[in-house]
Every structure is written in C-alpha cells, then in structure tokens.
A.B. asks: 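Structure in structure tokens, see below.
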Amino acid sequence: MPNSVSSLPMALYRREQIRQAEFAVCQGDSDALYQLVEQAADAALALLRLESRLGLQTVLLAGSGNNGADALALARLMLERGLPLRVLASADGKTVEHRRAQKSFEAAGGVVEPYSKEALDGAEVIIDGLLGSGTNGELRAAMAGIIQDINASGAWVLSLDLPSGVDADTGNVNPIAVCADMTLSFGGLKQGLFTSRARHFAGEVRLASLGLEAALSQETPSAQRVDGRFLKDLLGRRPRDSHKGQSGKVTVMGGNHGMAGAVRLAGEACLRAGAGLVTVISQPEHQLTVNANRPELMFWGCELVDMEVYLRLGWADVLVLGPGLGRDDWGYNLFKAVGMSDKPCVLDADALNFLAKEPRRQQNWVLTPHPGEAARLLDMSVAEVEQDRFAAVQKLQQTYGGVVLLKGAGTLICDGEQVVVAPVGNPGLASGGCGDVLSGIIAALMAQGLAPMTATIAGVVVHGEAADLAAAAGERGMLASDLMPFIRQLVNSDLI
Ligand SMILES: NC(=O)C1=CN([C@@H]2O[C@H](COP(=O)(O)OP(=O)(O)OC[C@H]3O[C@@H](n4cnc5c(N)ncnc54)[C@H](OP(=O)(O)O)[C@@H]3O)[C@@H](O)[C@H]2O)[C@@H](O)CC1
Ligand SMILES: Nc1ncnc2c1ncn2[C@@H]1O[C@H](COP(=O)(O)OP(=O)(O)O)[C@@H](O)[C@H]1O
C-alpha cells in the first residue's frame, strides 16, 4: 500500500527535494496532486486508528494551502465514517486542491466553520492542517494566535506534514509553533523535524511516503538520521587474548583550579566506553578528586606546561583537551602543546574557545561545540547558530576541518561529506558535566580503532541512549555520573 504509515527511514530531505519528487510524480497535474492529498488523508486516518484516537471529539483545523487540503480530505473520510468532528478554517482556500477537498467535504454534508477559540472547547483530538511545507518567514499574528489556542487546549494533537510554525529545513520556530504529540510527515522525512526546537514541537514522527519513494530516491538525502541501531556490529567481541595496550590509550587534559570534576567525568566515561588505559593531566591538587573511587585512572599533576607534557602526549593514541581547561595561560599552554602534536584529538569546552581565537584546520580532530562555543567559532550569535543548525555545522567543518558535532537536542555531526542527525537523548542531559562525558566516550571509541566520524556518531548515540536509560529514574535531577553504568552496557550491546 503506497500510502501506509511506514517505519522511519534514515534518509532526510529538504522541503525543496520533496517538492521535486512530488513534481516528478505529478508533473503539475492537479488530478495527480489531488490523489496525493487523498492518500495523505487516508494515511492520517490509518494513523488515528492505530493510535486509538478515532471516535474521540475531534477538531480539524485547515489552513488555506494544501496542508489545509489534507485536513479537509481527512475530514470527509471521518464524516463518511460517522466520526465526531468539527472543521475550522482560518482562511479561504488558495489552491485548486484545497477548493476541491472542501467541495467534496461539503458535498458529503460537512460544514466548514470560521475559526473561533470556543470551538476548541472539549476537543480531545486536534488535527493541525494549518501550515505545512509552504510556510514562509515569520508567522502572521492571526495564525500565531490560533496556534497559541491549540497549545493551550490540552487536546492530543496530530500535525499533518509539519507542526504549523516549524520550518521544514531548519527545525526552527518563529515565533511559535503547534506543540504536537505526533507528526505525520508526507512524501519523505523533512530534515528539520529532528533537530533544534522541532525536537520539542514535533512529538513522535511518523512517515506516509505516498508513493514518492522512487522519485525521492533520485535525490541525494540532505542528511542521515541515526539511532541505537548504529551501534550494531560496531565494536564486536574482544579477542580472548586481547590486552590493555590493544584497547587504546587516552590522555584527558583539563581541570584547571576548581574544575577537577570535568576531567574526572571525561576520564571515567573514557574507561567505561572501553579504553584500555586513561591518564588524566590536570592541576596537581586534583589527584584525590580524580582518583576518588576511580583508582583505575592514572593521574599526572601538571603545574607548569613544559617539555615533560610534550613527552607525555607521545604515550597516548588519542588526546582529549578541554573539560574544565579554563582560559588562563595554563590552559592556553596545554592548547599549544596539543597543537604541536600530531595526535588524533577531541577538542571540547575551553579548547574550542582558544581555537576560536587562533583558528586553524586539522583533519584528525573531533570538535564538540555546544551552540555557545559554535557561535564563538563562527563569530556569530547563538541565535544565528540555532536559526540554522545544519548550515552552522557545515560552516564549522569547512572552517576547521575534521569532524564537527553541534550539541543540543538533535545533535548534528558533519565530516564535510555528510551531515548526520542524532535525535537521541533527553533534557536530563541539560546539566553540567554531560558534555565532558561525551568527549570521553568519543575518545575511547577512537582509541579502540573507530574512524573519527564513526566514533563521533557512535559516541553521540551511546551518550544519548545512556541518558534515556538513566532517565527511567526521572530526567530532572539526572547527573552526568548517572550515565556511567549504561555506557558500559551500550558499548557491549552489539553482543546481546
Ligand atoms: N509534498 C508532498 O509530497 C505533498 C504535500 N502535501 C501537502 O501540501 C502541503 C504544502 O502545501 P502548500 O504548498 O499549499 O503550503 P501550505 O503549507 O499549506 O501553506 C501555504 C499557505 O500558508 C500561508 N502561509 C505561508 N507562510 C505563512 C506565514 N508565515 N504565516 C501565516 N500564513 C502563512 C500561505 O498564505 P498566503 O501567503 O498565500 O497568504 C498559504 O495559504 C504540505 O505541507 C502537505 O501537507 C500533500 O497534500 C500531498 C503530498
Ligand atoms: N534536551 C536535550 N536533548 C538531548 N541532548 C541534550 C539536551 N540538552 C543537552 N543535551 C546534550 O548534553 C550534552 C551537554 O553538553 P555541554 O553543554 O558541553 O555540557 P557540559 O559543558 O556541562 O559538560 C551535549 O551532548 C548535548 O547535546
């Protein structure tokens, strides 16, 4: 069945690519396009049935474009089945398909009412067909008002194609969007649904491909999505005769005065992700904290960054620089020392702030900025980074080389060839130290032989999945340390 609700593929597209596929199939023929509208409505009905939402008091909201046409076609299907519904339209239909869907709904005895807030009273289900992929620029005030009413209604909300107000390409919201429980994406998966603010507004995402698969396969996906399945067959079982020297040696550097915890977290995560030997280089007074309950970490107290540091860097397979590094001369000198070595490295936190001041490119590094650090690296505001995270991660990679990951809900990873979106993890990660844990995991995976891009994707997936497991006890109050036991479980998960 071409219009069935399928399981989510990994390929993501920009809205223009999905429109191209639609054009390739319909060739501008309105009958063919109307068929797609009918199929979209069929798929939405099937989804409502699957979710056991049929028979509940339902209000459908139709906008003036083809997203509204989808809602009106669904309204007709529901009316024909005697399901309880009200249909509200915010404006007159502007497309041929919209007018046709409305006519057909009215011919079946349906009534389209003008929008009123009161009509949402008592709604158990709201179908959002206000705005889809044709949305341009900032929402007009009237539309923003309707969306506010939907969000305040308390109903279960299904958004057709996109939550109204979410940008299909960036996931950005300007200034408000429908907060959906579920989104049924049509044609192909829009890349914007999986990152940025869309992570909050889209709810669970489903796909109705509407028979556009073949046409869409002519397009190169703009990004790939990853989830826990990425970990399958990644590391494999350790050879029975393996020894610690073969599992990779990592040196974690950072932990300026008062910030012992950052290097301790990165170092411990590195061990839990399977590195054979981990040394922490930090301010000397931090030895007790770093080794408390974790004697497996080696420690070297470094007060002065001198020749000995350079010699010690030679020992490691992979370096991590940044957790708790600080921005003083001590931190800067460690940054210089790492720059002089040719080791594969993970740069995080203040190491990225030094890099922003002294930009250079390196191929064998992984940069892990959060949006604030990304803004400094790109000399722009955090709002500009967040406005288009896809563009930001690509620009970072072009400027600095290597593998770049842009943190935040729907983390993006780019190696210059492809962009990967990892919609894993949860807001429990929004607490200090979680980024330090991530850099330790990535370094451990690199030290065990994974290529930087693979290690970075796998690291983000392990980190996010560990957070989801840890969140069983609640997201609020979750600590970076709570991830540790689950990291171990996940790096062995391909063996289960
Ligand atoms: N692709 C596919 O495979 C298929 C796609 N299909 C469906 O078509 C949908 C795309 O339809 P579409 O192109 O008609 O656009 P759509 O999202 O309804 O919005 C246009 C309306 O919104 C308005 N508007 C715009 N910006 C605004 C703003 N900032 N603030 C306020 N209003 C704003 C704009 O108003 P205007 O500017 O004209 O006054 C116009 O009236 C797609 O999402 C999917 O549901 C399926 O039916 C079949 C398969
Ligand atoms: N809402 C969220 N959903 C998913 N992941 C999140 C969310 N909030 C934060 N994270 C993740 O948590 C980590 C936080 O990193 P960072 O800001 O560097 O923390 P710190 O510097 O305190 O260690 C990142 O990997 C980020 O992607």
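Order of listing sets the numbers, starting from 1, for every ligand and every atom in it. Just so you know, residue 1 is the first one in the sequence shown, and it goes up from there.
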A.B. asks: Hey, does Ala69 sit under 4.0 Å from ligand 1 if you only count heavy atoms?
C.D. replies: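 It does not, in that no heavy atom of Ala69 comes within the 4.0 Å cut-off of ligand 1.
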A.B. asks: Give me the nearest non-hydrogen protein atom to atom 10 (C) of ligand 1 as residue plus atom name, then the distance to 0.1 Å.
C.D. replies: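 Scanning the protein heavy atoms, the shortest distance from atom 10 (C) of ligand 1 goes to Ser133 OG, 3.5 Å.
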A.B. asks: Indicate yes or no: does an N/O atom of Leu160 lie under 3.5 Å from an N/O atom of ligand 1?
C.D. replies: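 There is no such contact.
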A.B. asks: Among all protein heavy atoms in this structure, tell me which lies nearest to atom 6 (C) of ligand 2, with the distance rounded to 0.1 Å.
C.D. replies: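 Heavy-atom neighbour on the protein nearest atom 6 (C) of ligand 2: Leu429 CB, 3.7 Å.
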A.B. asks: Closest non-hydrogen protein atom to atom 18 (O) of ligand 1, residue and atom name please, with distance?
C.D. replies: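 Of every protein heavy atom, Asn67 N, 2.9 Å lies nearest to atom 18 (O) of ligand 1.
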A.B. asks: On a heavy-atom basis, I'd like to know which of Gln35, Gln20, Arg19, Arg15 is closest to atom 13 (O) of ligand 1.
C.D. replies: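 Shortest heavy-atom distance from atom 13 (O) of ligand 1: Arg19.
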A.B. asks: Identify, for atom 22 (O) of ligand 1, the protein heavy atom at the shortest distance, and state residue, atom and that distance.
C.D. replies: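 Result: Leu131 CD2, 3.1 Å.
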A.B. asks: Could you walk me through whether Gln387 and Asn172 pass the side-chain hydrogen bond (donor to acceptor under 3.5 Å, both in side chains) check?
C.D. replies: CA-CA 6 Å; Gln387 208 170 332; Asn172 205 15; 5.4 Å; no
A.B. asks: In terms of heavy-atom contacts, does CZ of Arg376 have more than 12 from other residues, nucleotides or ligands at under 6.0 Å?
C.D. replies: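 Counting neighbours around CZ of Arg376, more than 12 heavy atoms of other residues, nucleotides or ligands fall under 6.0 Å, so yes.
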A.B. asks: Heavy-atom distance to atom 43 (O) of ligand 1: which of Asp161, Asn174, Leu130 wins?
C.D. replies: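 Selected option, by shortest heavy-atom distance: Asp161.
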A.B. asks: Can you tell me which portion of Val424 lies within the under-4.0 Å heavy-atom range of ligand 2? Options are side chain, backbone, both, or neither.
C.D. replies: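 Backbone only.
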A.B. asks: To which protein heavy atom is atom 30 (N) of ligand 1 closest, and what is the distance rounded to 0.1 Å?
C.D. replies: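 For this ligand atom, the closest protein heavy atom is Arg140 N, 3.2 Å.
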A.B. asks: With backbone taken as N, CA, C and O and side chain as the heavy atoms from C-beta onward, which portion of Leu33 lies under 4.0 Å from ligand 1: side chain, backbone, both, or neither?
C.D. replies: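 The answer is neither.
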A.B. asks: For Val37, is the nearest heavy atom under 4.0 Å from an atom of ligand 1?
C.D. replies: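 For ligand 1, residue contact (heavy atoms, under 4.0 Å) with Val37 is present.
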A.B. asks: When rounded to the nearest 0.5 angstrom, what is the spacing between CZ in Arg389 and OG1 in Thr411?
C.D. replies: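 So the gap between those two atoms works out to 6.5 Å.
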A.B. asks: Give me the nearest non-hydrogen protein atom to atom 49 (C) of ligand 1 as residue plus atom name, then the distance to 0.1 Å.
C.D. replies: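 That would be Leu210 CD1, 3.5 Å.
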A.B. asks: Could you check which of Ala21, Ala41, Ser64, Ser209 puts a non-hydrogen atom nearest to atom 40 (C) of ligand 1?
C.D. replies: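 Shortest heavy-atom distance from atom 40 (C) of ligand 1: Ser64.
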A.B. asks: Can you sort out which atoms of ligand 2 are near Gly408, meaning under 4.0 Å from one of its heavy atoms?
C.D. replies: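 With Gly408 as reference, the close atoms of ligand 2 come out as 26 (C), 27 (O).
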A.B. asks: Report, in ascending order of atom number, the atoms of ligand 2 lying under 4.0 Å from any heavy atom of Ala409.
C.D. replies: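 Those atoms are 3 (N), 4 (C).
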A.B. asks: For the residue pair Ser481 and Leu265, establish whether any side-chain heavy-atom pair is separated by less than 4.5 Å.
C.D. replies: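 A side-chain contact under 4.5 Å exists here.
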A.B. asks: What's the shortest distance from atom 14 (O) of ligand 1 to any protein heavy atom, and which residue and atom give it?
C.D. replies: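 So the nearest neighbour among protein heavy atoms is Asn66 N, 2.7 Å.
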A.B. asks: Under 4.0 Å from a heavy atom of Gly432: give me the atoms of ligand 2 that qualify, with their elements.
C.D. replies: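 In order of numbering, the contacting atoms are 22 (O).
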A.B. asks: Nearest to atom 20 (C) of ligand 1, what protein heavy atom do you find, and at what distance?
C.D. replies: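 For atom 20 (C) of ligand 1, the nearest protein heavy atom comes out as Gly65 CA, 4.0 Å.
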A.B. asks: Between the candidates Lys94, Glu22, His98, which shows the shortest non-hydrogen contact distance to atom 36 (P) of ligand 1?
C.D. replies: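 That would be Lys94.
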A.B. asks: What I'd like to find out is whether the side chain of Met253 reaches to under 4.5 Å of the side chain of Val338, using heavy atoms alone.
C.D. replies: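 A side-chain contact under 4.5 Å exists here.
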A.B. asks: May I ask you to list the atoms of ligand 2 that are less than 4.0 angstrom from any heavy atom of Asp436?
C.D. replies: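 Here the atoms of ligand 2 in question are 23 (O).
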A.B. asks: Who's the nearest protein heavy-atom neighbour of atom 7 (C) of ligand 1, and how far?
C.D. replies: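 Looking at atom 7 (C) of ligand 1, the protein heavy atom closest to it is Asp70 OD2, 3.1 Å.
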A.B. asks: For atom 3 (N) of ligand 2, which of the options Leu406, Asn426, Leu438 provides the nearest non-hydrogen atom?
C.D. replies: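 Considering heavy atoms of Leu406, Asn426, Leu438, the nearest to atom 3 (N) of ligand 2 sits in Asn426.
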